[in-house]
Every structure is written in C-alpha cells, then in structure tokens.
Amino acid sequence: MTDLAIKTARPRRTKDRWAVTGWKFALPGLSVIAIVMGFPLVYAVLLSISSFTLLHPKLLPFVGIENFAAVMADEYFWNSVWLTIKYSGITVTAEFLLGLGVAVMLNRVVRLKAVYFAVLTIPMAMSPVSVALIWHMLLQPNLGIVNRLFELFGHPGFDWLGSTGFAFWSVVFIDVWQQVSFVILILAAGLASLPREPYEAAAVDGAKEWQQFWYLTLPMLRPIAAIAIIIQLINEFRTYDLVYVLTKGGPGISTDLLSYFAYKRAFLGLAINEGSAASFVLLGMVLVLTVLFFRIVTRKA
C-alpha cells in the first residue's frame with residue numbers, strides 16, 4: 001500500500017470510529033423515543049385497519065381500508081374537514097399578521113421591553129383548558145362580564161357559545177388570543193437577529209421605511225416566519241381542548257373540528273377503529289399541508 005493510500009485510509013477509519021461512537025451514545029435516547037412514539041403509532045395503525053370497537057375489543061379480523069371508507073362516507077366527516085381547514089386558515093393568518101405587527105412595534109421599543117415580553121407570555125403559559133374555562137365564564141350569556149359590558153352601553157348581550165352564528169368565531173378569537181403570543185416571540189427574536197448593514201445601505205440610497213420593510217425585512221424574515229406558521233398550522237389542525245371545553249362541537253356541528261370528530265367517533269360512537277382512521281386522515285392532512293407550505297414559503301425569490 002502506498003503512503004498516499006495509507007494517509008487517506010487513516011482519516012476514514014477515524015471518521016468511522018467517531019460515527020460508531022456517536023451512534024452508541026445516541027442509542028439509549030433513540031430507543032426510548034422508538035418505544036414512546038413507535039409503539040402507540042404502530043398500535044394506532046393496527047386499530048385503524050382492524051375491527052376493534054368498545055363492543056368488540058379485538059383487533060382481528062383486520063378489515064383493511066374499510067374504516068377509512070366508512071369515515072369518509074359520513075357527511076359529518078367532510079363538514080369537520082372543511083371546518084378544520086377554515087379554522088386553521090383563519091387563526092394562523094390572524095396570529096401571523098397580529099404577531100408581525102406587534103413584533104415590529106416591540107422591535108422599536110427601548111425601555112421596558114422585558115416587561116412587555118413578560119406580559120405577552122402570560123396567555124401562552126396558560127394551558128388551553130384553563131383558557132377555555134376562563135373565557136367560558138366571561139362569555140356566559142347571563143352572568144358573563146362581556147355581556148354585562150354590552151348592557152352598560154345599552155346593547156343586549158349575545159349567546160356567544162350557544163349560537164351558530166357566534167360560536168365558531170368565539171372559539172377562533174379565544175384561540176388567537178392565546179396563541180398569538182408565541183408568534184410574537186418568534187418573530188421578535190427573528191427581527192432582533194437581522195443584520196443592520198442592509199438597512200444602513202438602503203437608508204443611504206434613500207429607501208423609505210415601508211420600502212425597507214417590504215424589500216428587506218420580509219425577505220430576510222421569511223425562514224423564521226415559515227417556522228412560526230408551520231408550527232401554528234400543526235397546532236391549529238389538532239385543536240381539541242378549546243372545542244371540548246367551550247362548545248362540545250356545537251351548537252349542532254358548527255364547531256365540530258376533525259380532532260373532536262375523531263374523539264366522538266371513537267368514544268361516543270364506540271368505534272375506536274373508525275376514530276383512529278379519522279385521526280390518521282388528520283395526520284395526513286397536516287403532513288401534506290406542512291410540506292407544501294414549507295416549499296412555498298422557503299422557495300428562493
């Protein structure tokens with residue numbers, strides 16, 4: 001073997017040893033993740049293709065895609081799909097626009113910035129169930145503070161959570177109220193990390209503030225904005241807590257999101273297999289939309 005071949009082989013063997021060592025250190029953690037995440041996922045897949053119900057608690061016989069076909073043949077399923085897409089689109093759009101506006105304003109603040117951020121983290125730090133219970137009391141039609149304020153100004157109150165015209169938008173408002181803090185913090189951190197040199201050069205060239213925002217801030221903020229939107233898109237698609245506490249999917253089916261539809265199918269309808277199938281449909285929608293949106297937002301200009 002020539003000297004050159006020996007010198008080339010040594011770094012390769014060293015790199016292989018480091019890789020093996022790295023896998024050895026990672027193996028315990030990966031094993032725990034595989035058990036904690038892999039077992040429930042595999043079991044859920046088996047449930048979705050089985051005949052398992054609360055009245056027939058056995059996986060066998062397997063029925064293939066019959067559970068998916070039964071779920072998709074239900075007209076209420078497609079209502080839940082549409083409501084979920086509508087709900088997620090409205091909430092994510094509102095959270096991003098509000099979050100971007102507040103983050104830009106906070107980026108200009110010099111004094112008491114830490115206080116503002118501390119206040120903004122309060123809704124985000126609360127659990128969705130706590131938020132839902134608080135707003136359920138505030139929006140109570142007879143004794144709620146919100147209706148009392150309307151009555152002080154001579155306007156009758158509304159049945160915010162018991163009316164088909166208001167229930168959906170009430171849940172949307174409460175969700176945005178809680179989740180917008182997360183978007184604000186991410187975008188504010190992104191704005192603080194942007195380099196100042198492009199803005200200085202643009203100012204020298206005579207660019208106005210709105211031009212700097214449109215042509216510099218938004219393009220440079222795009223990767224961070226994409227992360228914030230994708231995370232929120234996933235969160236909104238699997239919204240369950242607010243609906244369960246506030247409206248139970250009602251009145252009627254006006255707030256029956258897909259996650260709550262899957263819960264009803266599994267535990268109220270006693271069909272665990274069909275509820276699992278509906279959950280995998282939701283998972284597939286989230287994965288597809290996440291990939292598509294990530295490609296759209298992060299593509300090169």
Side-chain angles (χ1 to χ4, degrees), residues 18-19 22 25-26 29-30 33 37 87-128 130-131 172-239 241-242 285-301:
W18 279 107
F25 278 107
L30 292 175
I33 293 174
M37 298 182 62
Y87 178 88
S88 302
I90 293 172
T91 51
V92 171
T93 302
E95 289 162 7
F96 177 75
L97 294 178
L98 289 173
L100 181 61
V102 175
V104 169
M105 289 189 290
L106 286 176
N107 193 48
R108 298 171 176 266
V109 173
V110 178
R111 299 178 59 186
L112 301 177
K113 182 178 289 190
V115 176
Y116 296 135
F117 279 112
V119 173
L120 286 171
T121 57
I122 293 175
M124 185 180 65
M126 300 170 65
S127 69
S130 301
V131 171
V172 167
F173 170 80
I174 295 169
D175 195 322
V176 173
W177 178 85
Q178 183 190 20
Q179 297 294 333
V180 71
S181 302
F182 177 76
V183 180
I184 292 172
L185 292 177
I186 290 184
L187 296 181
L191 289 171
S193 66
L194 297 181
R196 301 307 307 168
E197 291 80 5
Y199 294 95
E200 295 171 358
V204 171
D205 291 338
K208 298 179 181 179
E209 287 193 10
W210 70 268
Q211 292 174 319
Q212 295 180 27
F213 176 78
W214 187 260
Y215 293 106
L216 291 178
T217 302
L218 289 183
M220 289 191 294
L221 197 63
R222 179 183 291 179
I224 299 171
I227 293 173
I229 292 174
I230 290 171
I231 291 174
Q232 287 306 105
L233 192 65
I234 295 173
N235 287 335
E236 301 303 345
F237 259 87
R238 59 187 182 87
T239 298
D241 321 66
L242 292 180
M285 291 172 57
V286 171
L287 292 177
V288 171
L289 288 175
T290 300
V291 171
L292 291 176
F293 187 81
F294 187 81
R295 288 185 177 182
I296 291 172
V297 175
T298 59
R299 72 181 188 276
K300 293 184 179 180

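Hydrogens, waters and symmetry mates are skipped; everything else that's a heavy atom, side chains included, is used. A quick note: this is a predicted structure, and the numbers were derived from the prediction, not measured.
Residue pairs meeting the ring-ring contact (aromatic ring centres under 6.0 Å, His included) criterion with at least one partner in residues 173-200, sequence neighbours excluded, are W135-F173, W135-W177. The stretch residues 199-208 participates, sequence neighbours left out, in no salt bridge (charged side-chain N to carboxylate O under 4.0 Å, His left out) pair at all. Applying the salt bridge (charged side-chain N to carboxylate O under 4.0 Å, His left out) test to residues at least two apart or on different chains, none of the pairs has a partner in residues 175-198.
Between F96 and the options T93, L98, L100, a side-chain contact (heavy atoms from CB on, under 4.5 Å) holds for only L100.
For the atom pair CG of L242 and CD of Q179, the computed distance is 8.0 Å after rounding to the nearest 0.5 Å. Between T290 atom OG1 and F237 atom CZ the span is 8.0 Å, to the nearest 0.5 Å. In this structure, CG in L194 is found 8.0 Å from CG in N107, a value given to the nearest 0.5 Å. With rounding to the nearest 0.5 Å, the separation of CG in N235 from CD1 in I230 is 12.0 Å.
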Side chains of residues 118-128: which donor-acceptor partners sit under 3.5 Å, not counting sequence neighbours?
| residue | atom | partner | partner atom | Å |
| --- | --- | --- | --- | --- |
| T121 | OG1 | A118 | O | 2.7 |
| S127 | OG | S130 | N | 3.2 |
| S127 | OG | S130 | OG | 2.8 |

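Among all heavy-atom pairs drawn from E95 and V180, the shortest one is O-CG2, 3.6 Å. Shortest non-hydrogen contact noted between L187 and A103 is CB-CB, 3.9 Å. Considering every non-hydrogen atom in both A202 and Q212, the closest pair reads CB-CG, 4.1 Å. The two atoms that bring P219 and L216 nearest to each other are CD-O, 3.4 Å, heavy atoms only.
Counting heavy atoms from C-beta outward, S193 and I224 have side chains that approach closer than 4.5 Å.
Remark: A201 pairs with no residue by the side-chain contact (heavy atoms from CB on, under 4.5 Å) rule, at least two apart or across chains. The side-chain contact (heavy atoms from CB on, under 4.5 Å) check on V92 picks up I229, Q232, L233, E236, with sequence neighbours excluded. When the salt bridge (charged side-chain N to carboxylate O under 4.0 Å, His left out) test is applied to R108, the partners found at least two apart in sequence or on another chain are E209. Residues passing the side-chain contact (heavy atoms from CB on, under 4.5 Å) test with A228 are I186, sequence neighbours excluded. For I227, the side-chain contact (heavy atoms from CB on, under 4.5 Å) test picks out I231, with sequence neighbours left out.
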